[in-house]
Trainee: 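One structure is given below, represented as structure tokens, and several questions about it will come after.
Heads up: numbering here begins at 1 and tracks the sequence.
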Amino acid sequence: MTELIGMDAKAIEVLVVEDSPGDVRLTREAFKDAKVHVNLHVAADGFAAMAFLSRQGEYANAPRPDLILLDLNLPKKDGWEVLEGIKESPTLKSIPVVILTTSAAEADIMRSYQLHANCYITSPWGLEASSKW
């Protein structure tokens, strides 16, 4: 799914790898509020993310993302495997990857940076948090 958000300048291609529809909605809203021109692409699991990045199957014409927002807790292939696959790929490793997750565990933060994540953000967004807003 692709959605154009914002109207200024050249669009930024952003891949959101997130299985929670609520968190995807909040991400969309954050980009709208920031008034950033974004083509937002969503992969709901790790396999879909890697297919998008590899331009396989239904993603054969997918653009190369300028930024990846990656949850760690994903079905089928977890965020660690996706991050490792991105950073081991000569063609993908230069794409900035921001870990956006509810985990504040020191071990998760350290592992993310050891796998060359560009940023780690602990999000209060999970469905439990979003239902309080």
Trainee: Taking the side chain as every heavy atom from C-beta outward, state whether I68 and V97 have any atom pair closer than 4.5 Å.
Mentor: yes
Trainee: Does V24 form a side-chain contact (heavy atoms from CB on, under 4.5 Å) with L26? I'd like the steps, not just the answer.
Mentor: CA-CA 5 Å; V24 171; L26 288 170; over 6 Å; no
Trainee: Quick one: pull up NZ in K76 and CD in E81 and give me the separation to the nearest 0.5 Å.
Mentor: 13.5 Å
Trainee: Would you say L53 and L15 make side-chain contact, with heavy atoms under 4.5 Å?
Mentor: yes
Trainee: Are the side chain of S103 and the backbone N or O of A105 linked by a donor-acceptor pair below 3.5 Å?
Mentor: yes
Trainee: Report the residues that fulfil side chain to side chain donor-acceptor pair (under 3.5 Å) with N73, sequence neighbours left out, ordered by chain and then residue number.
Mentor: none
Trainee: Which distance, rounded to the nearest 0.5 Å, do you find between the CZ of R25 and the CD of E18?
Mentor: 12.0 Å
Trainee: Using the side-chain contact (heavy atoms from CB on, under 4.5 Å) criterion, which residues pair with L67? Sequence neighbours excluded.
Mentor: V14, L69, P96, V98
Trainee: Once you round to the nearest 0.5 Å, how far does CG of L115 lie from CG of L83?
Mentor: 5.0 Å
Trainee: Given 3.5 Å as the limit, does a donor-acceptor pair link the side chain of R55 with the main chain of N61, or not?
Mentor: no
Trainee: Test of understanding: clusters of I, L, V, M, F, W, Y form through side-chain heavy atoms closer than 4.5 Å, transitively. Do F47 and M50 belong to the same one?
Mentor: no
Trainee: Give, for atom CG of L92 and atom CZ of R64, the distance between the pair rounded to the nearest 0.5 Å.
Mentor: 6.5 Å
Trainee: In this structure, which one of I121, D71, L70 forms a side chain to side chain contact (heavy atoms under 4.5 Å, CB included) with L100?
Mentor: I121
Trainee: Let me see the working for L72 and Y120 under side-chain contact (heavy atoms from CB on, under 4.5 Å), right down to the final yes or no.
Mentor: CA-CA 11 Å; L72 294 175; Y120 189 103; 4.0 Å; yes
Trainee: Calculate, to the nearest 0.5 Å, the distance between atoms OH and SG belonging to Y113 and C119 respectively.
Mentor: 5.0 Å
Trainee: I99, M110: one ILVMFWY side-chain cluster at the under-4.5 Å cut-off?
Mentor: no
Trainee: Within the 4.5 Å heavy-atom criterion, are H41 and V16 side-chain neighbours or not?
Mentor: no
Trainee: Over all heavy atoms of both residues, which pair between E13 and P63 is shortest? Give the atoms and the distance, please.
Mentor: OE1-CG, 3.4 Å
Trainee: Which atom names give the shortest non-hydrogen contact between A48 and A44, and what distance separates them?
Mentor: CB-N, 4.4 Å
Trainee: Start with the C-alpha gap between S89 and T91, add the side-chain angles, then the distance that decides, and say whether side-chain hydrogen bond (donor to acceptor under 3.5 Å, both in side chains) holds.
Mentor: CA-CA 5 Å; S89 168; T91 58; 3.1 Å; yes
Trainee: If you compare all heavy atoms of P75 against all heavy atoms of D45, which two are closest, and at what distance to 0.1 Å?
Mentor: O-CB, 3.2 Å
Trainee: Report the C-alpha distance between K87 and N118 in whole Å, list the side-chain angles of each, state the deciding distance to 0.1 Å, and finish with yes or no for side-chain contact (heavy atoms from CB on, under 4.5 Å).
Mentor: CA-CA 10 Å; K87 294 305 180 176; N118 296 85; 3.1 Å; yes
Trainee: Give the intermediate values and the outcome of side-chain contact (heavy atoms from CB on, under 4.5 Å) for residues V82 and I86.
Mentor: CA-CA 6 Å; V82 173; I86 292 167; 3.7 Å; yes
Trainee: Given side-chain hydrogen bond (donor to acceptor under 3.5 Å, both in side chains), test K10 with N39 step by step and report yes or no.
Mentor: CA-CA 10 Å; K10 180 182 179 269; N39 287 329; over 6 Å; no
Trainee: Can Y59 be reached from V17 by stepping across I, L, V, M, F, W or Y side chains whose heavy atoms are under 4.5 Å apart?
Mentor: yes
Trainee: Could you state the interatomic distance from CG (L40) to CZ (R28), rounded to the nearest 0.5 Å?
Mentor: 6.0 Å
